[in-house]
Amino acid sequence: MPAFRALILEDHDFQRRVGAQVLRSCGATEVYEAADGAAALDYVCSSPTPADVLLCDLKMPGMDGLAFLRHIAEHGCASSVILASAVDASIMRAAEIMAKSYGIRMVGAIDKPVSRAKLMPLLLRHFTRQISRPHAAAEQMPLTEIAAGIAARQFLPFYQPKIDVKTGMLVGAEALMRWRHPERGFIPPASFIPLMERNHLIAEVTFDLIKTVLAQIRAWQSAGLSVPVAINVSVESLRDTSLPDRLEAMTSAEGLRPNCLTIEVTETVAMTDVGHSLETLARCRMKGFELSVDDYGTGFSSMQQLTRLPLSELKIDQVFVTGAAEGTILAALLETTIGMAHRLGLKTVAEGIESNEDWNIVAQLGCDIAQGYFIAKPMPAEELAPWYGAWLGKRSGRPAE
Ligand code: G
Ligand code: G
Ligand code: MN
């Protein structure tokens, strides 16, 4: 834990002193105590030594925590914020999202009384994340370069493992496109997929990707590894009602069965050009391909999608999964979604498993499959088998090779 400076905003004298003590015990080298929003705001706006972390109460006489957060956001405050309050969990959640959309860097929220046991895990996670994951908007690559990259076949899949929660065994992988750029190295999809979609390039690139994926599944199979693969498809691919026939031909050309391929669609994609999309998806299912709804819960009329898509799997978006063990709201939504999916006969996949706690809660709630950085990041094809060996070794308590 690095040394850090903190500010505590808390109107209750005793609680403020305890909070400051707790912050020091967590490694704060200096703690500025503010009894009301005005004093805290004054410190944030004029102190030459800004605090790294603000611990902020919500319900206070005069300026409440919500207004305080709006003011510091307007001031361009760069500190990271932790909410500490006794308000209802739903209010806390709204406050967190409000702060994020004002542009504040949120660490998390804890209920009062503040204790080291509650604060320390948040701080630890925050400081490790800050180093490992800087937030930068994806740079968009120029179209001419993308076209040249397509011609030079520089787009290829990375694979992120999907693990059976009960057994710990590999049950598949998601193919995620990467651009192996000759000068820039690997470029993530956010930098080129939107432009490919807008310029009607994505469907053909997706076909190339699927060809590569099928050959890879075949190669894994020959090596004794069964790895069904999920691919992401855009609206343009679904508009093409010949997609199922083409997929079937490609699959059988590799000597594979259709159930080795899962098609992932987001709720928004499935709502666009409904007629063609449903024709394509229903035909894919009739031919035996699997169909998964991606980012479930974040799109457009999620529940309605379940009534019309011929699904075999539901992928719960990471916003409901990451950190679910910390909050009653996320855990409740997770539990209900998993239960509902099972009643509909669907397999459930939890995305965004980032920690042991995330893994434990989805296991406890009966989710079938887990995917996330805690298991593995997306990786090149040739790394999957060695990774799996190490994963199995770790899980059985033996040291990994
Ligand atoms: O790891 P990641 O940055 O790989 O992926 C970011 C997003 O890009 C995901 O939402 C994923 O759905 C999308 N994506 C990744 N690969 C493909 C692809 O091959 N086709 C389409 N349409 N989207 C993809
Ligand atoms: O297709 P979809 O939107 O589900 O794409 C998944 C995205 O999430 C990809 O960008 C992938 O790299 C990313 N991802 C996978 N596992 C994790 C995780 O554990 N945490 C986070 N933050 N992102 C993840
Ligand atoms: Mn996906």
Side-chain angles (χ1 to χ4, degrees), residues 125 128-129 132-141 146 149-150 154-163 172-180 186-214 216 228-240 243 261-270 272 277 290-299 311 313-324 348-359 361-362 369-380:
R125 202 180 59 195
T128 47
R129 265 191 198 169
S132 66
R133 255 202 287 157
H135 280 280
E139 183 196 349
Q140 295 302 304
M141 298 296 290
I146 292 176
I150 294 172
Q154 288 165 354
F155 294 90
L156 76 167
F158 269 30
Y159 297 87
Q160 187 177 36
K162 291 164 77 177
I163 296 290
E174 177 174 4
L176 293 154
M177 209 188 295
R178 295 290 182 272
W179 182 358
R180 185 166 33 204
F186 286 107
I187 300 178
S191 299
F192 57 84
I193 288 206
L195 217 59
M196 281 184 176
E197 286 178 336
R198 260 180 275 138
N199 293 279
H200 307 290
L201 297 169
I202 188 71
E204 273 322 303
V205 179
T206 302
F207 266 115
D208 278 354
L209 185 97
I210 294 171
K211 244 178 250 159
T212 310
V213 163
L214 289 170
Q216 187 59 53
V229 174
I231 48 154
N232 296 280
V233 298
S234 304
V235 181
E236 194 187 327
S237 296
L238 298 185
R239 272 205 191 109
D240 173 8
L243 179 90
L261 214 56
T262 298
I263 296 159
E264 286 192 10
V265 291
T266 64
E267 297 158 310
T268 318
V269 165
T272 318
S277 296
E290 306 289 332
L291 177 61
S292 177
V293 61
D294 201 2
D295 306 338
Y296 180 78
T298 61
L311 295 168
E313 179 187 275
L314 189 150
K315 281 189 100 166
I316 306 169
D317 190 80
Q318 55 192 49
V319 299
F320 305 106
V321 175
T322 315
T348 49
V349 183
E351 296 185 297
I353 302 288
E354 291 192 358
S355 66
N356 209 5
E357 290 76 32
D358 294 343
W359 172 284
I361 191 161
V362 301
I369 298 166
Q371 183 182 340
Y373 294 164
F374 176 68
I375 299 157
K377 291 196 168 171
M379 63 185 91

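We count ligands from 1, going down the list as the structure has it; atoms in each ligand are counted the same way. Note that the structure is a prediction, hence the values are computed from the model and not measured.
- Against a heavy-atom cut-off of under 4.0 Å, G352 is close to the following atoms of ligand 2: 18 (C), 19 (O).
- In this structure a side-chain-to-backbone donor-acceptor pair under 3.5 Å is missing from S191 to I187.
- Side-chain contact between Y373 and I353 is absent, with no heavy-atom pair separated by less than 4.5 Å.
- Protein N/O/S atoms found under 2.8 Å from the Mn ion (ligand 3), listed by chain and residue number: E174 OE2, N232 OD1, E264 OE1, D294 OD2.
- Aromatic pair F186/F158: centroids less than 6.0 angstrom apart.
- Counting all heavy atoms, side chain and backbone alike, P161 lies closest to Q371 at O-CG, 3.6 Å.
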For ligand 1, what N or O to protein N or O distances fall under 3.5 Å?
unit_1	atom_1	unit_2	atom_2	d
ligand 1	1 (O)	R178	NH2	3.2
ligand 1	4 (O)	R178	NH1	2.7
ligand 1	4 (O)	R178	NH2	3.2
ligand 1	12 (O)	N232	OD1	3.3
ligand 1	16 (N)	M177	N	2.9
ligand 1	20 (N)	N232	O	3.2
ligand 1	22 (N)	S234	OG	2.8

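- A donor-acceptor pair is defined here as one N or O able to donate and one able to accept, closer than 3.5 Å; no such pair exists between the side chain of T322 and the backbone of V319.
- Rounding to the nearest 0.5 Å places CD1 of I193 at 10.5 Å from CD of Q140.
- T266 places a side-chain N or O within donor-acceptor distance of the main-chain N or O of V269, the cut-off being under 3.5 Å.
- Within the model, atoms CD1 of I150 and CH2 of W179 stand 8.0 Å from one another, a figure rounded to the nearest 0.5 Å.
- At least one side-chain heavy atom of M177 sits under 4.5 Å from a side-chain heavy atom of V205.
- A heavy-atom distance below 4.5 Å is found between the side chains of T272 and R239.
- Remark: the backbone N or O of I202 is paired with a side-chain donor or acceptor of T206 at under 3.5 angstrom.
- Atoms of ligand 2 lying under 4.0 Å from at least one heavy atom of E354, given by number and element, are 18 (C), 19 (O), 20 (N), 21 (C), 22 (N).
- Heavy atoms of Q371 found under 4.0 angstrom from ligand 2: none, in either backbone or side chain.
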